[in-house]
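Note sheet for the following structure.
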Amino acid sequence: MPRLHSLAAAVLLCASPAFAANQPTTIAAADIATATQLRDAALQDESAYQFIEGLTTEVGARLAGGDNDLKAREWVIAKFKALGFDKVWTEPVIYPKWVRRSEHGEVLAPFAQPIALTALGYSAATPNGGLEAEVVGFDSFDALKAADPARVRGKIVFVGARMHPFRDGHDYGIGSTVRTKGPALASHMGAAAFLLRSAGTDSNRLPHTGVTDFTGATPIPAAAVSAPDADQIERMLKSGQPLTIRLALDCGVDGQYTGANVIAELRGSRKPDEYFVMGGHLDSWDPGTGAIDDAAGIGIAVGAAHAIAALPHRPARSIRVVAFANEESGLFGGKAYAQAHKAQIAKAVLGSESDAGADRIWKISASVKSEARGAIAQIAEVLKPLDIEYAADEPGNGGSDLSAVHAVGMAGVSLHQDATRYFDWHHTANDTFDKIDAVQLRQNVAAYAVTAWLAAQANGDFGSAPGAFAQDDGKH
Ligand code: ZN
Ligand code: ZN
């Protein structure tokens, strides 16, 4: 193998660290062969399904800072230990605790009737006895932004923007913009309260909750109405008669809460300080049991780690699984992890996180240094029989919780799940265990196992360094 010999000679002649950093990252043929076997073995994995079933059944909904927060943490710690990880620990995560006590909405005029709605995370409460006001409607966030504040002052703003289902879930950009930014904008314009058509793609009479952001604004009551109720509101607005709604939301911030990220590790055999990280978030919204969002994410990582642990040898680098605290109300767990580990970010060689359910992965993309592109292509080759395509020109920040870690310099790889069904159930009472498709889940486990194991075995790194991906556009 003359090419390899001359490469080895060149390394000896120019063994400066800078030169070594520019060497292409590669994966040995024997490791590819093991990964192929690992992939096929992981397609039989049952531990991911059992994990999701257990967490959603034995704990259920896991609102951050709520009664089940500590219960979920203790459940996951016990489960990680029972699964045989070499080390399990927690790291604190502090955030303002938001509580939901009760919520009610009804049309008073022109056609009196109740409406199905749910308060958004960080919504203010209505005054005692509720709030009654006329509704002013808009088709989009931009239409509200362009409106004369005089039209909005003292009124209940309603934004009826719609989302449609797509495999890459891109319409969530529309729904999440209205939900996260709409209430603060309405507050700035002097509105009394804010309602939106749920950020979802279903037509069930179930509203989709989710966080809103009042940074720099005075919190006002803010809620999502179900899609059929949004249709109802739009028909009434179209009638031209004044539409009056009564809202009664009892909710709000109730001090600070100290939760924790729960971390488990399989110890690497040769470079134990370096690690591949994967995971999901342990918290969920309260109406469902948080199966697709995001017991699935932790379950997939657990399944992948379990399959790797069954191999005769530990990989060179460690495999880390993180159950992140409070993703839902503002990525608090991911941000705390980034803060705690940014000084040693080069040790986090690569990361990937699932937070889009458990349906089939159809695409892999990565944000890594250019010298590691070949290794990502090698990983993608092993994933090909799982019907996963490699989008070589697209970035991959690793996932929602890992986006903060990526922003401080961790290389990321994104395994994109089919999100066609996801926003039918996301943040609703319908996010329950029955939505997990066992066959599609196992395909996820296989893809994560292959990616984690090959990254942990790779010769060379993926470019993790302080600030390395600061210019990344953060898409995943
Ligand atoms: Zn999530
Ligand atoms: Zn969510």
Side-chain angles (χ1 to χ4, degrees), residues 51-52 55-56 60-66 68-69 72 76 93 95 98 100 118-123 163 168-169 171-180 196 198-202 206-213 224 259 261-262 278-301 321-335 337 351-359 397-406 414-419 421-433 435-436 441 444 474 476:
F51 180 96
I52 302 164
L55 181 58
T56 56
R62 304 172 300 282
L63 185 67
N68 273 353
D69 192 298
V76 163
V93 180
Y95 50 85
W98 180 82
R100 182 199 311 278
T118 186
L120 302 181
Y122 292 132
S123 168
M163 283 172 56
D168 69 359
D171 260 12
Y172 188 52
I174 297 171
S176 68
T177 297
V178 174
R179 193 193 70 220
T180 56
L196 77 150
S198 281
T201 49
D202 61 301
L206 295 175
H208 297 235
T209 188
V211 75
T212 193
D213 182 4
N261 291 329
V262 183
M278 56 185 163
H281 60 85
L282 184 54
D283 68 311
S284 76
W285 286 106
D286 42 343
T289 60
I292 60 162
D293 187 16
D294 185 25
I298 309 172
I300 289 163
V321 173
V322 185
F324 288 98
N326 196 357
E327 187 267 357
E328 293 293 3
S329 43
L331 300 175
F332 288 98
K335 287 173 183 168
Y337 188 91
S352 190
E353 182 208 9
S354 161
D355 191 12
D359 279 357
N397 72 0
S400 60
D401 281 297
L402 289 175
S403 61
V405 193
H406 180 60
S414 293
L415 295 163
H416 305 258
Q417 288 140 321
D418 186 330
R421 306 193 303 163
Y422 186 65
F423 293 105
D424 284 353
W425 308 317
H426 180 252
H427 296 182
T428 73
N430 258 338
D431 178 0
T432 47
F433 181 63
K435 311 308 184 303
I436 302 291
L441 174 69
N444 280 254
H476 66 103

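Remember, it's 1-based here, ligands and their atoms both numbered in the order they're listed.
- Among the atoms of Asp355, an N, O or S atom falls under 2.8 Å of the Zn ion (ligand 1).
- Looking at Asp293, its N, O or S atom nearest to the Zn ion (ligand 1) turns out to be OD1.
- Rounded to the nearest 0.5 angstrom, Arg62 CZ and Asn326 CG are separated by 12.5 Å.
- Note that OG of Ser354 is 10.5 Å distant from CD1 of Ile292, once rounded to the nearest 0.5 Å.
- Within the coordination shell of the Zn ion (ligand 2), defined by N, O or S atoms under 2.8 Å, His281 is absent.
- For the pair Lys435 (side chain) and Gly357 (backbone), a donor-acceptor distance under 3.5 Å is absent.
- The distance from the Zn ion (ligand 1) to the nearest N/O/S atom of Glu328 is not under 2.8 Å.
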ask   = Given the rule in the side chain to side chain donor-acceptor pair (under 3.5 Å) test, do His281 and Asp293 qualify, once you have shown the distances and angles that lead to the verdict?
value = CA-CA 8 Å; His281 60 85; Asp293 187 16; 2.8 Å; yes
